[in-house]
Amino acid sequence: MQKTDSINIETTINSGQVFLWNKIGEQWVGIDGQDIMILRQKPYSLKSSGNIDNFLRRDDNLEKILKNISTDRTVRDAIKQSSGLRLIRQDPFQCYISFICSSNSSIQNIKSMLENLCRKFGVKKEFGKYQLHTFPRVETLANATMNELLDCRLGFRAKYVKEASLAVNSNKIDFKELRKLDYQTAIRSLKNILGIGNKVADCIALFSLDKLEAFPIDRWTQRILLKYYKDIFCDVSEKPLTEKKYEKLHDDIVKYFGPYAGYSQQFLFKMERDLNKKSWL
DNA sequence: GTTCGACCTAT
DNA sequence: TAGGTCGAA
C-alpha cells in the first residue's frame with residue numbers, strides 16, 4: 001500500500017495539470033477555485049483552505065490503479081521515473097477555463113493568462129502568511145467584457161472564455177451533472193462549447209470530472225504513441241489528428257490501457273517532457 | 001469526411 | 001514554435 005507521504009509534490013505540480021502554482025522557498029503555493037493551498041515536501045505538510053484529500057484524490061486506490069495500468073514496460077518505466085506523481089481533482093470551472101486557454105499556447109503563457117484573470121477578476125484571500133487572488137467566480141467571468149478579457153492577454157481565446165463562462169452561468173454546462181454522466185456523453189456536451197475540441201474536453205474530463213478513461217492526445221502524447229506504441233496504434237502519425245481519427249484512436253487507447261488510461265497518460269506525458277528537458281512552472 | 005490557413009502572445 | 005480549434009473549401 002502506498003503511504004500518504006509518498007506523494008511527490010513537485011512532480012505532481014510540475015506535470016502539466018495545474019498552472020496557478022508558485023514555488024516560494026521550500027513550499028508550493030497554489031490556487032484551486034476559491035481555495036489556497038500550501039504544500040511542502042520537507043518537512044511534509046499539506047495545507048488547504050479547502051479539501052486537500054479531494055484535491056489529491058486520496059480516495060483513489062492507487063496501488064490497484066498503478067497495477068492495472070502497468071501493462072507494458074514503457075508505462076512501468078514512466079511510473080518508476082515519476083514515483084509519487086498524482087492525478088489531481090481540480091475545481092471544474094478553473095480547469096475548464098485553464099484548458100480552453102491552453103490551446104496553441106505554452107505552459108508559461110497559459111500560467112500568465114490565468115494569473116492575469118485572477119488578478120483582475122479574483123478575490124483577495126488570505127491563507128497562512130500569504131495573500132493572493134482566487135480564481136474568478138463563474139458569474140464574474142461571465143459578466144466580463146471582451147476588452148477586459150483581451151487585457152488579460154487571452155488573444156483569440158478571449159471569446160472562447162466569454163462564451164464558456166456564459167454557458168456555465170446559464171447552466172447550459174453543469175459540472176455536477178457532467179460528473180454523473182458517462183465519458184462519451186460528458187465529452188459530447190463539453191465539445192458543444194466554442195473553443196473546446198477533443199483534446200481540451202479530455203483534459204477537463206480527466207482533471208476535474210473523474211473521467212479516468214479520458215486520455216488527452218496532444219502533440220506530446222502523439223509523439224509518445226509514435227515512439228513507443230507504433231505497432232499497437234498503427235495509424236498514428238506526426239500529423240494533427242482529425243476529429244474522427246482522434247475518437248477512433250481514443251477508443252483503441254482505452255482498449256489497450258484500460259479504464260484508468262488517464263493515469264497512464266499522465267505518467268507518460270511527464271516522462272517524455274522531462275526526457276526532452278521541457279520546462280514546467 | 002478531410003485539408004488547410006488563420007489565430008493572440010511571448011520566447 | 002508552443003500541450004488546438006474553428007471555419008471555409
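Below, chains carry the letters A, B, ... as their sequence lines are ordered, and counting in each starts from 1.
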### Task
Counting Watson-Crick and G-U wobble pairs whose two distances are both under 3.5 Å, find the runs of 3 or more in a row that involve DNA chain B.
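Detected stem regions: B:2-7 with C:4-9.
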
What is the separation between atom [atom1] on [X] and atom [atom2] on [N], rounded to the nearest whole Å?
X	N	atom1	atom2	result
A:L225	C:dG3	CG	C1'	14 Å
A:N198	C:dT5	CG	P	7 Å
A:I107	C:dG4	CD1	P	11 Å
A:L114	C:dG3	CG	C1'	13 Å
A:F19	C:dG3	CZ	C1'	8 Å
A:R219	C:dT1	CZ	C1'	9 Å
A:R273	C:dA2	CZ	C1'	9 Å

### Task
Looking at every strand, decide which applies to A:I196 at a 4.0 Å heavy-atom threshold: base, sugar-phosphate, or nothing.
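Since only primed, P, OP1 and OP2 atoms lie under 4.0 Å of A:I196, the category is sugar-phosphate.
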
Interatomic distance at [atom1], [N] relative to [M], whole Å:
N	M	atom1	value
C:dT1	B:dG5	P	14 Å
B:dC7	C:dA2	C1'	13 Å
B:dA10	C:dC6	P	23 Å
B:dG1	C:dA8	C1'	15 Å

#### Entry: Close approaches to DNA chain B from residues 199-212 of chain A, in residue order (heavy atom, under 4.0 Å)
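Going residue by residue through residues 199-212 of chain A, none turns out to have a heavy atom under 4.0 Å of DNA chain B.
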
### Query
Residues from residues 160-175 of chain A sitting under 4.0 Å of DNA chain B, heavy atoms only?
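Within residues 160-175 of chain A, no residue comes under 4.0 Å of DNA chain B.
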
Distances under 3.5 Å only, N/O to N/O: pair up the protein atoms with those of nucleotides 8-11 of chain B.
residue : atom : partner : partner atom : Å
B:dC8   : O4'  : A:F156  : N            : 3.0
B:dC8   : O2   : A:R157  : NH1          : 2.6
B:dC8   : N3   : A:R157  : NH2          : 3.1
B:dC8   : N4   : A:N104  : ND2          : 3.2
B:dT9   : O2   : A:N109  : ND2          : 3.3
B:dA10  : OP1  : A:R153  : NE           : 3.2

### Query
For the residue pair A:Y229 and A:F233, does the interplanar ring angle fall in the parallel (under 30°), tilted (30 to 60°) or perpendicular (over 60°) class?
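Tilted, since the angle between the ring planes falls between 30° and 60°.
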
### Message
Could you go through A:R76 and A:D72, starting from their C-alpha distance and side-chain angles, then the distance that decides it, and tell me whether this counts as salt bridge (charged side-chain N to carboxylate O under 4.0 Å, His left out)?
### Response
CA-CA 6 Å; A:R76 283 199 297 275; A:D72 60 56; over 6 Å; no

Taking the basic N atoms (NZ, or NE/NH1/NH2) and the acidic carboxylate oxygens, is any pair closer than 4.0 Å for [X] and [Y]?
X	Y	result
A:D210	A:R89	yes
A:K23	A:E10	yes
A:K270	A:D274	yes
A:D251	A:K255	no

### Pair A:Y256 and A:F215, ring centroids less than 6.0 Å apart
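Ring-ring flag for A:Y256/A:F215: false, centres at least 6.0 Å apart.
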
### Message
Could you check whether A:F175 and A:Y96 have their ring centres less than 6.0 Å apart?
### Response
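Here the rings of A:F175 and A:Y96 have centres that are less than 6.0 Å from each other.
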
### Message
Under a 3.5 Å distance rule, please check whether A:S105 uses its side chain to pair with a backbone N or O of A:S102 as donor and acceptor.
### Response
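No, A:S105 side chain to A:S102 backbone: no donor-acceptor pair under 3.5 Å.
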
### Message
Counting only heavy atoms not in A:R179 (residues, nucleotides, ligands), do more than 12 fall under 6.0 Å from its CZ?
### Response
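Enclosed.
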
### Message
Could you tell me if the side chain of A:W220 sits less than 4.5 Å from the side chain of A:R273, heavy atoms only?
### Response
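Yes; the side chains approach each other to less than 4.5 Å.
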
### Query
Who are the side-chain hydrogen bond (donor to acceptor under 3.5 Å, both in side chains) partners of A:E177, not counting sequence neighbours?
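side-chain hydrogen bond (donor to acceptor under 3.5 Å, both in side chains) check on A:E177 returns A:K180.
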
### Query
With sequence neighbours excluded, what pairs up with A:N276 under the side-chain hydrogen bond (donor to acceptor under 3.5 Å, both in side chains) test?
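In terms of side-chain hydrogen bond (donor to acceptor under 3.5 Å, both in side chains), with neighbours along the sequence ignored, A:N276 is linked to no residue.
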
### Query
Which parts of residues 232-246 of chain A get close to DNA chain C, meaning a heavy atom less than 4.0 angstrom away?
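Per residue number, the list is empty: none.
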
### Query
Taking DNA chain C as the partner, which of residues 186-195 of chain A come within under 4.0 angstrom of it by heavy atom?
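Output list: A:I193, A:L194, A:G195.
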
### Message
Applying salt bridge (charged side-chain N to carboxylate O under 4.0 Å, His left out) to A:D60 and A:R57, what does each step give before you reach the verdict?
### Response
CA-CA 6 Å; A:D60 275 343; A:R57 303 190 67 98; 2.6 Å; yes

### Query
Can you pull the salt bridge (charged side-chain N to carboxylate O under 4.0 Å, His left out) pairs that have at least one residue in residues 223-234 of chain A, sequence neighbours excluded?
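Listed once each, the pairs are A:K227-A:E272.
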
### Task
Applying salt bridge (charged side-chain N to carboxylate O under 4.0 Å, His left out), name anything that partners A:K47, two or more places apart in sequence or on another chain.
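For A:K47, no residue satisfies salt bridge (charged side-chain N to carboxylate O under 4.0 Å, His left out) once neighbours in sequence are set aside.
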
Could you list the donor-acceptor pairs under 3.5 angstrom formed by side chains in residues 193-205 of chain A, with sequence neighbours left out?
residue : atom : partner : partner atom : Å
A:N198  : OD1  : A:K191  : NZ           : 2.8
A:D202  : OD1  : A:Y183  : OH           : 2.5
A:D202  : OD2  : A:Y246  : OH           : 2.7

### Task
Could you note down all residue pairs passing ring pair (Phe, Tyr, Trp, His ring centres under 6.0 Å) where residues 184-214 of chain A supplies at least one of them, sequence neighbours left out?
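Only A:F99-A:F207 qualify under ring pair (Phe, Tyr, Trp, His ring centres under 6.0 Å).
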
### Task
Would you name the heavy atoms of A:L39 and A:I13 that are closest together and state the gap between them?
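What the structure gives for the nearest pair is CD1-CD1, 4.3 Å.
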
